[in-house]
Amino acid sequence: MPETKPPPMQLALDQARDAAGRGEVPVGAVIVDVDGKVIARAGNRTEADADPTAHAEMLAIRAAAAALGSPRLTNCDLYVTLEPCAMCAAAIAHARLRRLYFGAYDPKSGGVEHGAKVFEHATSHHKPEVIGGVQETDAATLLQDFFKDRR
């Protein structure tokens, strides 16, 4: 029987759980190519790296660009457990990712469907196809549990 691979959002949730285990806000990201091959994966590392830009999306984009030897990720899709913030949405546009799939919506800090709505601006370099709410309950529960334990 052939081995089945977990879907990319499940891998992103695994990265988010790993981040939570390190005391980071549980957000995970995975970048796959058009064939579904995982190019990069990351979880938040803002605390560990003392770097406010070390969001899962930014780390995955950097790793994918390095792996492919190109700043353009036109044949790649990003799966992330939380709606990207404005900084990450701008990086997604600059990387020219083909599609963005995200889990939980972020009315407070999101930059795609909420807040800055980066891709809606005329100055946005690129607008990927956006699919929100992928495994939304799993992603939202992970975040809610993390913050409940912190309070």
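The first residue of the sequence shown is numbered 1, and numbering continues consecutively from there.
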Which atom pair, heavy atoms only, marks the closest approach of [X] to [Y]?
| X | Y | result |
| --- | --- | --- |
| Asp106 | Glu83 | N-OE1, 2.9 Å |
| Val30 | Arg41 | CG2-CB, 3.9 Å |
| Val118 | Ser124 | O-CB, 3.5 Å |
| Ala60 | Ala42 | N-CB, 3.8 Å |
| Thr81 | Val27 | OG1-CA, 3.3 Å |
| Ala19 | Val25 | CB-O, 3.9 Å |

Parallel, tilted or perpendicular, as decided by the 30° and 60° cut-offs, for the rings of Tyr79 and Tyr101: parallel

Main-chain N/O of Ala116 paired to His121 side chain as donor or acceptor, under 3.5 Å: yes

Glu24 side-chain N/O to Glu47 backbone N/O, donor-acceptor pair under 3.5 Å: yes

Arg98 vs Glu129, side chain to side chain contact (heavy atoms under 4.5 Å, CB included): CA-CA, chis, key distance, verdict: CA-CA 7 Å; Arg98 184 176 72 147; Glu129 181 180 351; over 6 Å; no

Could you grab the distance from atom [atom1] of [X] to atom [atom2] of [Y], nearest 0.5 Å is fine?
| X | Y | atom1 | atom2 | value |
| --- | --- | --- | --- | --- |
| Glu136 | Tyr105 | CD | OH | 6.0 Å |
| Asn44 | Asp18 | CG | CG | 12.0 Å |
| Ser70 | Arg72 | OG | CZ | 6.5 Å |
| Lys148 | Leu143 | NZ | CG | 12.5 Å |
| Thr137 | Leu142 | OG1 | CG | 12.5 Å |
| Thr46 | Met58 | OG1 | CE | 12.5 Å |

Distance-only donor-acceptor check, side chains Thr53 and Arg62, under 3.5 Å: yes

Heavy-atom distance under 4.5 Å between the side chains of [X] and [Y], does that happen here?
| X | Y | value |
| --- | --- | --- |
| Ile92 | Ile61 | yes |
| Leu68 | Leu73 | yes |
| Cys76 | Val32 | no |
| Ile131 | Phe102 | no |
| Pro84 | Leu100 | yes |
| Pro128 | Arg99 | no |

All salt bridge (charged side-chain N to carboxylate O under 4.0 Å, His left out) counterparts of Arg17, not counting sequence neighbours: Asp14

Co-membership, hydrophobic cluster, residues Leu82 and Phe146, 4.5 Å side-chain: yes

Salt-bridge criterion met for Arg45 and Asp49 (N-O under 4.0 Å): yes

Side-chain ion pair, Lys127 and Glu120, N-O less than 4.0 Å: yes

Atom NE2 of His126 with >12 non-hydrogen neighbours under 6.0 angstrom: yes

side-chain contact (heavy atoms from CB on, under 4.5 Å) involving Gln135 - partner list, sequence neighbours excluded: Met9, Gln10, Leu13, Asp138

